[in-house]
Each structure stands twice: as C-alpha cells, then as structure tokens.
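Given the structure is predicted, the values throughout are model-derived calculations rather than measurements.
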Amino acid sequence: MAESSQSSQSTDDVFTSLLYEIFTSPLNLFLLVVCAVLVYKIFRPSDANGADFGPVEPPLPKMKRQDLTLDQLKQYNGTDEHGRVCVSVNGKIFDVTRGKKFYGPGGRYSALAGRDATRALATFSVDDVKDSYDDLSDLSSMQMDSVLEWEMQFTEKYDYIGKLLKPGEQPTEYSDEEDATKDNNKTKKDE
C-alpha cells in the first residue's frame with residue numbers, strides 16, 4: 001500500500017514539475033499554443049476548399065458562349081435566381097461566378113458585377129465604373145498595361161463568355177461545336 005501511495009505521489013510530482021516548466025517559460029508557453037492551434041486546424045471539420053461545412057451550392061452549368069451589350073451584361077450581377085456573375089475586362093466577358101464571394105452581392109468587388117470593370121481595374125478604384133460604353137481612349141499607357149495584365153489573369157482563372165458589344169455592333173454567332181472545341185483545347189492545355 002505504501003508503494004502505491006509513493007507511485008501516485010511521484011506521478012503528481014512529475015505532473016506538477018511539468019506544468020511548472022511549461023507555464024514559467026515563455027518559449028514553452030508559446031510552443032504549447034502553436035501546437036494547440038495546429039492540432040485544431042488538423043482536426044476541425046472542413047471541406048476540400050478549407051471552408052467550414054455549410055450549405056453548398058451546386059456548381060452552375062457552363063454558360064453558352066455569347067456576346068452581350070452592356071445592358072445585357074448588367075443582368076449577370078449575382079442577384080438573379082441562379083446567382084450568375086459576369087464581368088467585362090478590356091472588351092471580353094468572363095463568368096466569375098466561381099469568385100462569387102468577391103464579385104457577388106456583399107463581396108468586396110460587387111460593384112464590378114455585371115459591369116465593364118476595365119476602367120476600375122486600370123485606375124485601381126472600384127468606384128470608377130461607368131454605366132455607359134467606355135472607349136478607354138483617355139487611359140495612359142501604364143493604365144492600359146495594367147488592363148492587359150488583368151485581362152490575362154481573368155483569362156487564366158475564369159471562363160471566357162464572349163465580347164462586350166459596342167453600341168450598334170452585332171453579336172457573333174457561336175456554334176455549340178466551337179464551344180466544345182475550345183473546352184477540349186483548354187482541358188488538354190490544363191493537363
């Protein structure tokens with residue numbers, strides 16, 4: 001019985017000295033906090049994107065290739081029943097629905113949704129979006145270089161839908177075969 005009491009007392013002493021070492025050394029305390037945070041991040045439930053579980057919207061089918069006027073583009077601001085969001089950059093329209101948390105209602109760049117974002121991207125001002133067709137002729141060469149970089153980024157990240165039509169310009173007729181060919185080429189390129 002005395003052995004059991006001594007064993008229990010030595011275990012308590014070891015535990016007490018361990019706690020004393022951890023909480024009296026700032027480095028040990030810091031390392032303990034880092035370990036706790038890492039364990040939390042490893043074991044918390046999340047989906048493949050790292051977001052917490054919650055209602056997941058099914059992905060929308062790919063948009064049919066089409067040219068749009070500015071008025072038609074305004075319909076794709078994320079507020080309709082499907083929540084589709086499109087943005088025009090340098091005369092090209094992109095489906096940015098995947099980035100809805102940024103471009104959709106309540107997002108940081110929601111002012112660009114359903115609009116021609118070229119001038120805003122060139123001037124780095126979300127408030128610099130016009131409601132009429134913008135010919136961009138007053139932009140500097142540095143601003144146009146910036147626009148071309150933005151266009152490249154949108155091309156790499158989002159689906160190209162068509163072109164933004166100038167007033168009076170007629171839309172291009174895209175065939176379903178042309179869409180399928182471009183999709184296959186993009187898939188092969190990604191591989």
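Using a 4.5 Å heavy-atom cutoff, the side chains of Val89 and Phe94 are in contact. A 4.5 Å side-chain heavy-atom check between Tyr76 and Met63 finds at least one atom pair inside the cut-off. Taking the side chain as every heavy atom from C-beta outward, Leu60 and Arg84 approach each other to under 4.5 Å. Residues Leu165 and Pro171 form a side-chain contact, since some pair of their non-hydrogen atoms from C-beta on lies under 4.5 Å apart. For the pair Leu70 and Leu164, the minimum side-chain heavy-atom distance is below 4.5 Å. Counting only heavy atoms from C-beta outward, the side chains of Phe154 and Lys92 never approach each other to under 4.5 Å. In this structure, Ser88 and Leu73 have side chains that are in contact, with non-hydrogen atoms separated by less than 4.5 Å. Contact of the Tyr158 side chain with the Asp95 side chain is not registered, since no non-hydrogen atoms from C-beta on lie closer than 4.5 Å.
Nearest heavy-atom pair, Gly78 versus Val85, reported as atom, atom and distance to 0.1 Å: CA-CG2, 3.6 Å. Summarising the geometry of Leu68 relative to Gln72, their closest heavy-atom pair is CA-OE1, 3.3 Å, with the distance given to 0.1 Å. Nearest approach of Ala111 to Val129, heavy atoms of both residues: O-CG2, 4.2 Å. The minimum heavy-atom distance linking Pro105 with Asn77 is given by the pair CD-O, 4.0 Å.
A distance of 7.5 Å separates OG1 of Thr24 from CG of Asn28, quoted to the nearest 0.5 Å. One finds the NZ atom of Lys163 at 13.0 Å from the CZ atom of Arg65 (value rounded to the nearest 0.5 Å). How far CG of Leu112 is from SG of Cys86: 13.0 Å, rounded to the nearest 0.5 Å. With rounding to the nearest 0.5 Å, the separation of OH in Tyr160 from OG1 in Thr155 is 9.0 Å.
Although no hydrogens or angles enter the test, the distance criterion places no donor-acceptor pair under 3.5 Å between the side chain of Ser146 and the main chain of Met142. Side chain of Glu169 to backbone of Lys166: a donor-acceptor contact under 3.5 angstrom is found. The closest donor-acceptor contact from the side chain of Gln143 to the backbone of Ser140 lies under 3.5 Å.
Under 3.5 Å, the side chains of Asp67 and Tyr174 contain a donor-acceptor pair of N or O atoms. Checking Thr69 against Asp71 by side-chain atom types alone, no donor-acceptor pair falls below 3.5 Å.
No single ILVMFWY cluster, assembled from side-chain heavy atoms under 4.5 Å apart, contains both Leu139 and Tyr133. In the hydrophobic clustering of this structure, Phe102 groups with Trp150; members are Ile, Leu, Val, Met, Phe, Trp, Tyr whose side-chain heavy atoms approach within less than 4.5 Å, directly or through other members. Grouping the Ile, Leu, Val, Met, Phe, Trp and Tyr side chains by contacts below 4.5 angstrom, directly or via other members, places Phe124 with Leu121.
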Just do the side chain to side chain contact (heavy atoms under 4.5 Å, CB included) check on Ile93 and Gln66 with the steps written out, would you?
CA-CA 9 Å; Ile93 300 171; Gln66 58 188 310; over 6 Å; no
Begin with the C-alpha distance, continue with both residues' side-chain angles, and end with the deciding distance and a verdict on salt bridge (charged side-chain N to carboxylate O under 4.0 Å, His left out) for Arg119 and Asp138.
CA-CA 10 Å; Arg119 181 171 295 278; Asp138 61 330; 2.6 Å; yes
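Judged as a salt bridge (Lys or Arg N to Asp or Glu O under 4.0 Å), the pairs with a partner in residues 120-132 (not counting sequence neighbours) are, in order, Arg115-Asp131. Among pairs with a residue in residues 104-114, none fulfils side chain to side chain donor-acceptor pair (under 3.5 Å), at least two apart in sequence or across chains.
With side-chain heavy atoms closer than 4.5 Å counting as contact, directly or through intermediates, the hydrophobic cluster containing Leu38 also holds Leu27, Phe30, Leu31, Val34.
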